[in-house]
Amino acid sequence: MTSISEDSDKEKVRSVSVDLNNDASLVIDIPDALCERDKVKFTIHIKTTLSSFQKSEFSVPRQHEDFIWLHDTIVETEEYAGLIIPPAPPKPDFEGPREKMHKLGEGESSMTKEEYAKMKQELEAEYLAVFKKTVQVHEVFLQRLSSHPMFRKDRNFQIFLEYDQDLTVRRKNAKEMFGGFFKNMVKSADEVLISGVKEVDEFFEQEKIFLLDYSSKIKDATAKAEKMTRSHKNVADDYNHISGAMNSIAADNNTAFKKTISVCVLQKLEDRVASDQELKLTELLRYYTRDIQAAKDLLYRRARALADYENSNKTLDKARLKGKDIAQAEENQKQCLRKFDKLSESGKKELTSFKARRVVAFRKNLIEMTELEIKHAKNSMSLLQGSIEILNSN
Amino acid sequence: MSEEREPPPLPGAAQTVFPEPQDAEDLFVSAASAMESPEAACLSAEDISPSSNGPRDDDPDDLFAEATEEVSLDSPERQPILSDGPSPAITPVTPVMISPRVDVFDRSPDQDEDEEENRDTFDIQISVSDPEKVGDGMNAYMVYKVTTKTSLSIFSRDEVCVKRRFSDFLGLYSKLASKYMHMGYIVPPAPEKSIVGMTKVKVGKEDLSSVEFVEKRRSALERYLLRTVKHPALLKDPDVLQFLESSELPRAVSTQALSGAGILRMVNKAADAVNKMTIKMNESDAWFEEKQQQFENLDVQLRKLHASVESLVCHRKELSVNTASFAKSAAMLGNSEDHTALSRALSQLAEVEEKIDQLHQDQSYADFYLISELLGDYVRLITAVKGVFDQRMKAWAKWQDAQVMLQRKREAEAKLQYANKPDKLQQATDEIREWEGKVQQGERDFEQISKNIRREVGRFEKDRVKDFRVVIIKYLESLVHTQQQLIKYWEAFLPEAKAIA
């Protein structure tokens, strides 16, 4: 499939986390973010050579809800029906660190100073990790838009980047939200539709089968990966407690002190392995679960267009039978066909490039994860061996 | 989990460096010796392992003969168990039996100079093996084979095998405690009873947890015996010798909870607790006060540490389970993936994760058998140490009471002298002499027990440091091994990941 390899070179820019800013004409990144109580404020930094923008370099603060607004307006834009719409970033979830902070506050009186300091450190590390994750995922969303030939020209996207005041005014009001809800309802009816529709195109038939199956598998894999990383974190936590307990015993005994060093070190390493694993593997899986959903959405839209087209055919036949409104019905049918063809054409392109993008992203993340695992294992091993030597020589 | 694993091939089976997951029947760890089949055969037909395979030797005589060969604790092959060795593929294990007990009680010559003479000639190896279920239903019990190998002259032979049941061990402890504790000797406590665990075994539940329970108990009994004979006075005790050597042992009925002796024990315990609260001892010796405080602290700290380690064991088991389920999921994802290279890589990832899950499982056994059990042992030992301090208090109280009694008798005599009753006077004088004797005895006892305790505590502390150090080193080595395996697996996977194109 030479087309894929060609495309994959072009689409390398679309891998999950890096290289989305290959095109210098519009470079977006999120260098900074603030967390105020429940809200996260992202500072979006834009550098552009495009004339459509007023300034060539500027920054703008945005909230998570603004991203959701942008995503939804793009979804609702008829023009983009044939494109895979980058999935919306999930809401920043600080529940974990917040719970820990609560526990820390409650247990403060019953802990020693060292324990408290350690827990605080742990808490801050976790907070930082969640923070990094959410920044990354918001950044990627914008970068996918900016690197896509069609999305980058979107009016709302430009507004999102440039509008120097609060976007709240422009955001979904109650009416539109209801509209969105309704749309979700219709979508589930589409699932039935999509499987029912007789597919004429071999490519799309294959894609449908593949996406439906893959989607459930990747959802499952994501869930299992999340459980695994959580377990890993638990083990790291335990090592933390163990090292704390050993510290207090160390006060009495010289040899015990050396023990603590090694176990403490172990805890830090376990922690790091857990978070690296999480970033690479679990985030990858999470992201692609969402992306697969977006691809499926494209298929639904196309299936709906096909259904419309078939309906328009029926209408035309009826009109021809009755002998009235023929021109209107013909026009309608032509439109539906056009729409369907357009969707099919762009859909094919998008799905092909999607596959390439997915393969590249998996490759990159798997390699990075493996290299990190090796690095950590080597580090732990040398530290452990050092501790063993110390204990042996004692 | 065990259902999914193939029973490993037997003799010359792939030997793992760390935990030595053997086949099902091999409930005690054998050295890296090639003679594995006889080991497997050691278990009787009523064994409780879930799956059985391998050659079975039903002749009981042969069992013993061959087993005593292999069970030697200091066979050189045992030493490299936990160091790195080229390990062939990790053998899947049905029940997981690891017994790192080996080098915890390393009999290699001590470096310490001021050892009692016994230590220089200390040469005794004990192993507890081959748990066998005898009987049926609620009257069933487990019988363990106790093998002693020694060159010490107090033993009649240099190698002897006997069969003992759990209550025999409890009986031994109870005898030793009553003989030595009041003198200030720290008598190592026997493993605890477990109604739940034993009931499962009795009922014949042949699942992983009851197998684990038996292995845990076997290992604990072995450690108990080794600690007991390590004590120079206890080693020479006739009860200990009888326990290790004589083929028939009177049934220790008094260890049952609801027996007369059992009830008496409970009453005594309660009385002791009350006494402890009421005796206000004038501590003239700062050493004792310091040490007592130290042991109190250590007790608290060890319990806390033990709890953390138990949590670690639990979580690591969880991690292993979750890794296994992720592996399956990744395999399914790989099957679903239509890009061939990525599909292959995902399947490989699934395989790696599966191997890692086994690693985690093995590591959790190390966590448990090395650290957790050791900590549990020491928590119980510290209780014994505290008990010995209490005995000293009791001795002091007895001495003081004798002094008070003596004083009273003297006063009584004085009164009698005044009242001029010559016959009663004689009696009073006799009583005074009696109590003077008791006072002297009381003082002597108190000083003796104080001396003994000092010596015992010194020995205990030295042993403690050594024990912990040895175990920690072993544990770290197990962690090193795990990391090595991880490196191996990931390095094998890396080219697969890079090959995605």
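Basis for what follows: all heavy atoms, side chains included, without hydrogens, waters or symmetry-related copies.
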To check you understand the geometry: which heavy-atom pair defines the closest contact between [X] and [Y], and what is its length?
X      : Y      : result
A:H232 : B:L319 : N-CD1, 3.8 Å
A:M381 : B:I487 : SD-CD1, 4.2 Å
A:K227 : B:N322 : O-ND2, 3.4 Å
B:L349 : A:L366 : CD2-CD2, 3.9 Å

Starting at [atom1] of [X], measure out to [atom2] of [Y] and round the result to the nearest 0.5 Å.
X      : Y      : atom1 : atom2 : answer
A:L384 : B:H481 : CG    : NE2   : 13.0 Å
B:L312 : A:Y239 : CG    : OH    : 5.0 Å
B:S336 : A:F210 : OG    : CZ    : 5.5 Å
B:S329 : A:M228 : OG    : CE    : 10.0 Å
B:M332 : A:D213 : CE    : CG    : 8.0 Å
B:H339 : A:K355 : NE2   : NZ    : 8.5 Å

Please tell me if the side chains of [X] and [Y] come closer than 4.5 Å, counting only heavy atoms from C-beta onward.
X      : Y      : answer
B:D338 : A:Y214 : no
A:M369 : B:W490 : yes
A:R363 : B:K498 : yes
A:I242 : B:V309 : yes

Test: [X] and [Y] ion pair at under 4.0 Å:
X      : Y      : result
B:E491 : A:K378 : yes
B:R316 : A:D238 : no
A:R230 : B:E318 : no
B:K328 : A:D220 : no

Next on the checklist: Checking side-chain contact (heavy atoms from CB on, under 4.5 Å) between B:F326 and each of A:T282, A:L285, A:T229, which is the one that passes?
Outcome noted: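 It is A:L285, the one option of A:T282, A:L285, A:T229 that forms the side-chain contact (heavy atoms from CB on, under 4.5 Å) with B:F326.
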Checklist entry - With a 4.5 angstrom heavy-atom cut-off, which part of B:L494 approaches chain A: side chain, backbone, both or neither? => result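 The answer is both parts of B:L494.
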Item to check | Under 4.5 Å from a heavy atom of chain A, the part of B:E337 involved | outcome: both
Checklist entry - So which of B:H315, B:K304, B:H360, B:E353 has the largest heavy-atom pair count under 4.5 angstrom toward chain A? => result B:H315
Checklist entry - Near A:K375 NZ, under 6.0 Å, is it more than 12 heavy atoms from other residues, nucleotides or ligands? => result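 Result for NZ/A:K375: open.
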Item to check | Worked check of side chain to side chain contact (heavy atoms under 4.5 Å, CB included) between B:I473 and A:N392 | outcome: CA-CA 8 Å; B:I473 290 180; A:N392 265 329; 3.2 Å; yes
Checklist entry - Looking at A:A225, A:S231, A:S216, which makes the most heavy-atom pairs under 4.5 Å with chain B? => result A:S231
